[in-house]
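The structure under discussion is supplied below as structure tokens; questions concerning it will follow.
Chain identifiers are assigned alphabetically (A, B, ...) following the order of the sequence lines, protein sequences preceding nucleic acid strands; residue numbering begins at 1 within each chain.
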Amino acid sequence: MELAKISNLWPLLLFLLCMMGASMWARKSASKDASFVNNYYIGGRDLGGFVLAMTTVATYSSVSTFVGGPGVAWSIGYGWLYMAIVQIVVIFLVLGVFGKKIALVSRKIDAVTIIDIIRSRYQSDTLANLSAFVIVLFFCSTMVAQFVGGAKLFEAVTGLSYSTGLTLFGVIVVFYTAIGGFKGVAVTDALCALAMFVGLGILFSSILDKAGGYEAIMNHLATNHPDMLEPLSRGKMPVSLYISQWMLVGVCTLSLPQSVVRCISSKDSQSIKRAMIVGTFVIGLMTLMATWIGVISKGVLTGPLSQYGTADNITPKTIISCMSPFWAGVTILGPVGATISTIDSLLLSASSSLIKDIYMHKCAKEGKALTDATIKKFSMGCTFILGALVFFISLNPPSLIWQINMFAFGGLETAFFWVLILGLFWHKANKTGAMWAMAGGVAIYCITLAMKIKFMNVHQILFGIVFSGILFYIGNKMGKDQDESVLKIFFPEKYED
Amino acid sequence: MKRSDKFRQANKEAKATVLATVAVIVFWTLAGFGLSGSDMKILSTPIWVWMGCVGSWIFACIVAVYLANNVCVDMSFDDEDEEE
């Protein structure tokens with residue numbers, strides 16, 4: 001029995017082997033001119049448009065693209081699709097706003113991480129350390145959540161145990177990230193994005209096939225669930241939820257460090273342009289397909305939710321009920337790809353925060369010289385250990401992780417939103433303002449979220465962003481301008497003529 | 001291009017991107033909520049779904065193409081001292 005189940009997994013095993021191969025290849029093709037840190041953490045600033053687009057999209061779309069989202073769409077209907085599609089702005093927004101400026105600045109100061117840029121702009125080690133703390137804490141909890149989501153889906157679809165699935169793709173993702181560095185992550189992300197489309201395509205057509213065509217499903221909805229055809233879903237999708245989503249998964253994603261770091265790695269201005277177009281096309285198509293699948297799966301799973309358990313069970317139940325074990329084994333590439341392409345980027349970013357932003361900075365300050373070989377050993381070791389740690393936590397995650405994870409997405413957005421935007425576009429922004437915005441904003445966001453305080457029923461990200469902005473302004477008044485030598489790097493247009 | 005001009009251009013592109021985002025939000029609102037009262041259907045699916053979801057996606061792609069081709073200017077990210 002177990003053996004028969006495993007035999008259906010060969011597409012997945014093949015895919016995971018490809019990941020390893022791609023990562024090895026990326027490592028071999030690393031630039032000889034760039035230092036190890038440059039190669040390992042930003043791929044030697046060599047990403048072309050297509051890979052840049054795919055890695056940004058793949059990092060952004062996670063296991064919830066496959067599990068959480070479609071599961072809710074199954075009960076809400078097209079309102080959820082209408083809400084999910086707000087993600088169409090995220091790619092051109094981050095590349096259009098930050099792409100050029102960060103590319104220009106990071107080359108000038110040889111920045112490898114977002115924290116390098118923040119440290120150099122605000123000349124503050126405290127702010128840099130706080131940023132590193134926020135990133136490592138929230139990234140680790142997100143990675144655990146991704147691992148758990150992916151492994152649960154694996155368990156439900158294949159019938160193999162949770163720990164088997166987790167070990168299978170967990171070991172591979174940690175391994176290829178540690179070895180391949182950023183280039184490996186970017187190339188495997190592009191492959192994962194393709195895998196997601198394969199999974200979505202098969203799932204979409206299998207559902208239509210099983211339910212007797214698209215119009216049959218729509219007529220079923222019109223007769224039995226007319227609320228699913230309305231944007232407000234008869235009260236299940238209030239306008240406040242739409243506003244929340246525009247902020248949380250739309251506009252404010254602008255400041256997610258795992259997306260912004262991709263601007264540092266772009267090869268040239270042409271690749272940013274191409275990535276804006278390709279990325280917008282791809283993320284829209286992916287969101288449409290994944291969420292639409294949730295809506296039409298109502299034609300396959302026709303019972304009440306209680307029959308299936310939670311909303312997270314909808315996708316696996318749909319897969320099982322619509323296709324043979326073989327095709328289920330191919331389809332699972334999609335969610336596994338989505339899971340590991342998010343984890344690899346977060347893992348590498350978290351590792352760069354620890355090694356580049358904390359350890360290497362400390363050594364440089366103490367005047368301790370580090371050889372490239374030492375840095376290599378430490379960077380790869382750190383990625384590996386951090387990955388292993390997250391993996392073991394995921395085997396049996398404590399409830400604390402879920403509590404931290406609840407704050408992660410909006411917390412990251414709040415922490416970096418004004419610090420990055422004002423830091424790069426307002427020459428008067430100073431250290432005190434940034435400190436207040438980051439520390440105060442995240443604190444207010446977390447407190448209001450924990451206490452369930454809302455304004456007009458809009459998600460607490462509203463408090464986070466608004467109060468973080470106000471605190472920035474007040475703090476800025478009390479601090480003094482940064483040194484002119486710094487401002488000349490970030491705002492040459494204010495000085496040169 | 002002088003370094004200061006590159007930064008001016010980057011500022012301009014950032015502003016244009018923000019405006020583009022506002023344009024998408026307006027389109028999304030009008031095409032979805034704006035048409036939700038219509039009884040028109042295509043493939044038994046209400047027109048607001050097609051316009052608000054698929055239409056918004058296509059609109060965002062057009063906006064991205066416009067930004068890339070008409071607003072963004074190619075430049076070298078390294079310093080070009082010889083031109084200054």
Side-chain angles (χ1 to χ4, degrees), chain A residues 45 78 81-82 84-86 88-89 91-93 95-101 103-104 106-108 214-215 217-219 221-222 229-232 239 242 246 250-251 266-270 272-274 276-281 284-285 287-288 291-292 424-425 490-497, chain B residues 2-25 28-29 31-37 41-46 48-50 52-69 71-79 84:
Chain A
R45 301 185 212 277
Y78 281 118
L81 178 63
Y82 186 42
I85 202 68
V86 308
I88 45 182
V89 298
I91 305 292
F92 75 73
L93 190 56
L95 292 172
V97 171
F98 289 139
K100 275 206 172 118
K101 201 153 240 197
L104 285 165
S106 65
R107 274 167 172 78
K108 184 87 178 171
Y214 180 71
E215 290 206 68
I217 302 172
M218 288 308 114
N219 293 331
L221 292 189
L229 300 177
E230 293 170 14
L232 298 178
V239 174
Y242 282 104
W246 263 111
V251 177
S266 65
K267 188 165 141 199
D268 48 29
S269 61
Q270 286 91 333
I272 294 182
K273 267 171 35 172
R274 187 167 313 143
M276 281 169 88
I277 299 173
V278 175
T280 302
F281 177 82
L285 186 62
T287 310
L288 278 175
T291 321
W292 215 311
L424 290 168
F425 292 97
F490 283 83
F491 304 94
E493 72 274 24
K494 299 265 184 238
Y495 293 93
E496 264 175 32
D497 344 274
Chain B
K2 279 198 302 185
R3 191 168 165 81
S4 53
D5 288 334
K6 288 180 187 171
F7 276 71
R8 274 194 200 95
Q9 177 61 24
N11 291 343
K12 210 171 110 188
E13 289 173 18
K15 271 184 213 142
T17 306
V18 172
L19 286 179
T21 307
V22 174
V24 173
I25 295 175
W28 174 90
T29 311
F33 284 126
L35 291 174
S36 63
K41 290 188 172 190
I42 299 170
L43 291 172
S44 307
T45 309
W48 74 264
V49 175
W50 293 109
C53 304
V54 184
S56 294
W57 170 52
I58 295 170
F59 184 76
C61 289
I62 295 170
V63 161
V65 170
Y66 179 83
L67 280 178
N69 291 339
V71 180
C72 295
V73 174
D74 282 338
M75 59 173 75
S76 158
F77 290 149
D78 298 305
D79 274 346
E84 282 178 24

Can you tell me which portion of A:F425 sits under 4.5 Å from chain B's heavy atoms? Options are side chain, backbone, both or neither.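 Side chain only.
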Which one, A:D268, A:V251, A:L104, A:L95, leads in non-hydrogen pairs under 4.5 Å with chain B?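 Most heavy-atom pairs within the cutoff with chain B belong to A:L104.
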Parallel, tilted or perpendicular: rings of B:W28 and A:W246 (30°, 60°):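 Perpendicular.
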Side chain, backbone, both or neither: which part of B:V65 has an atom under 4.5 Å from a heavy atom of chain A?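 B:V65 touches chain A through backbone and side-chain heavy atoms alike.
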Below 4.5 Å from any heavy atom of chain B, which atoms of A:L288 appear? Answer side chain, backbone, both or neither.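 Answer is side chain: those atoms of A:L288 sit under 4.5 Å from chain B.
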Contacting moiety of A:Q270, where chain B heavy atoms sit under 4.5 Å: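 Both the backbone and the side chain of A:Q270 come within 4.5 Å of chain B.
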Using heavy-atom distances under 4.5 Å, tell me whether B:V63 contacts chain A through its side chain, its backbone, both, or neither.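 Side chain only.
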Examine the side chains of A:K273 and B:N69 and answer whether a donor and an acceptor come within less than 3.5 Å of each other.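 Result is no, nothing qualifies.
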B:V73 and A:K100: which non-hydrogen atoms are nearest, and at how many Å?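 The pair with the smallest heavy-atom distance is O-NZ, 2.7 Å.
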Which residues share a side-chain contact (heavy atoms from CB on, under 4.5 Å) with B:V18, sequence neighbours left out: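 With sequence neighbours excluded, B:V18 shows a side-chain contact (heavy atoms from CB on, under 4.5 Å) to A:V97, given in chain and number order.
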Salt bridge (Lys or Arg N to Asp or Glu O under 4.0 Å) partners of A:K108, counting only residues at least two apart: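 Here the qualifying residues are B:D79.
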A:E493 versus B:F7, closest heavy-atom pair with distance: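 Minimum heavy-atom contact is OE1-CB, 3.2 Å.
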Below 30° counts as parallel, above 60° as perpendicular, anything between as tilted: where do the rings of A:Y82 and B:W48 land?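 Plane angle over 60°, so perpendicular.
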Within the side chain of B:S44, is there an N or O that forms a donor-acceptor pair under 3.5 Å with the backbone of A:E215?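 No; judged by distance alone, with no hydrogens or angles, the pair does not exist.
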